[in-house]
Amino acid sequence: QVQLVESGGGLVQAGGSLRLSCAASGRTFGSYAMGWFRQAPGKEREFVAAITRGGSSTVYADSVKGRFTISRDSAKNTVYLQMNSLKPEDTAVYSCAFKDGVVLTTTQNAYNYWGQGTQVTVSS
C-alpha cells in the first residue's frame with residue numbers, strides 16, 4: 001500500500017505561481033513513477049506531468065510545458081509541481097498519483113494509488 005498526501009493548493013491571480021507537494025509513504029521502494037493529474041469542474045481528469053523515482057525522466061502535457069516543472073526529493077519520497085505563469089484555465093483539483101515500474105505514462109489507469117487532491121484556483 002502507498003499513501004499520498006498533497007499540499008500547496010490555493011487561490012492565486014493569473015500570472016502567479018504555486019508549488020504543490022505530494023508526500024508518499026508506505027511501499028515506496030523499488031522502481032516507481034509519480035505523476036500529477038487535474039480535473040476541472042465538468043471536465044474529465046487529465047494528465048499534467050510525471051517523473052521517475054530517480055528523476056531522470058519527466059513528461060508533461062502540452063498545455064503546461066514551459067510553465068510547470070515536476071521534481072522530486074527521493075530522500076523525502078516527495079514530488080513537487082512548480083506551477084508558474086498560471087492561467088484561469090489551470091483551475092482544477094490537482095491529484096498526485098503513484099505507479100509501479102519506471103515507465104512513464106500519461107494514462108491514468110496505469111497509476112495504482114491516488115491522493116485526495118488539492119484545489120488550485122486561478123483568478124483572472
State, yes or no, whether a side-chain contact exists between [X] and [Y] at a heavy-atom distance under 4.5 Å.
X: S71; Y: Q82; result: no
X: V79; Y: I70; result: yes
X: E6; Y: Q116; result: yes
X: R45; Y: W114; result: yes

Task: Ring-face cation contact, Y80 with R19, 6.0 Å cut, 45° max - done: yes
List the atom of [X], the atom of [Y], and the distance in Å for their closest heavy-atom pair.
X: Q3; Y: Q1; value: NE2-CB, 3.6 Å
X: A40; Y: A92; value: N-CB, 3.8 Å
X: S124; Y: A14; value: CA-CB, 4.3 Å
X: V120; Y: G9; value: CG2-CA, 4.2 Å

Can you tell me how far [atom2] of [Y] sits from [atom1] of [X], rounded to the nearest 0.5 angstrom?
X: M83; Y: R38; atom1: CE; atom2: CZ; value: 9.0 Å
X: C96; Y: W36; atom1: SG; atom2: CH2; value: 5.0 Å
X: T118; Y: L81; atom1: OG1; atom2: CG; value: 11.0 Å
X: R53; Y: F98; atom1: CZ; atom2: CZ; value: 8.5 Å
X: Q119; Y: T91; atom1: CD; atom2: OG1; value: 7.0 Å
X: S25; Y: N77; atom1: OG; atom2: CG; value: 8.5 Å

- [ ] Please indicate whether E44 has more than 12 foreign heavy atoms, meaning atoms of other residues, nucleotides or ligands, lying under 6.0 Å from its CD.
- [x] no
Open item on the list: Closer than 3.5 angstrom, by distance alone: can the side chain of T107 be matched with the main-chain N or O of T105 as a donor-acceptor pair?
Closed with: no
TODO: Could you tell me whether a side-chain N or O of R67 sits under 3.5 Å from a main-chain N or O of S85, the two making a donor and an acceptor?
DONE: yes
Transitive ILVMFWY side-chain link [X] to [Y], under 4.5 Å:
X: V122; Y: V93; value: no
X: V48; Y: Y111; value: no
X: V12; Y: F68; value: yes
X: L104; Y: Y113; value: no

Open item on the list: Please report whether the ring centroid of F47 lies less than 6.0 Å from that of Y60.
Closed with: no
Task: F37 ring center within less than 6.0 Å of Y94 ring center - done: no
Open item on the list: My understanding is that only one of T52, D100, V102 makes a side chain to side chain contact (heavy atoms under 4.5 Å, CB included) with S31; could you say which?
Closed with: V102
- [ ] Could you tell me whether K65 and D62 have a side-chain N and a carboxylate O separated by less than 4.0 Å?
- [x] yes
TODO: Might you work through the side chain to side chain donor-acceptor pair (under 3.5 Å) test for T78 and D73, ending with a clear yes or no?
DONE: CA-CA 5 Å; T78 299; D73 183 332; over 6 Å; no
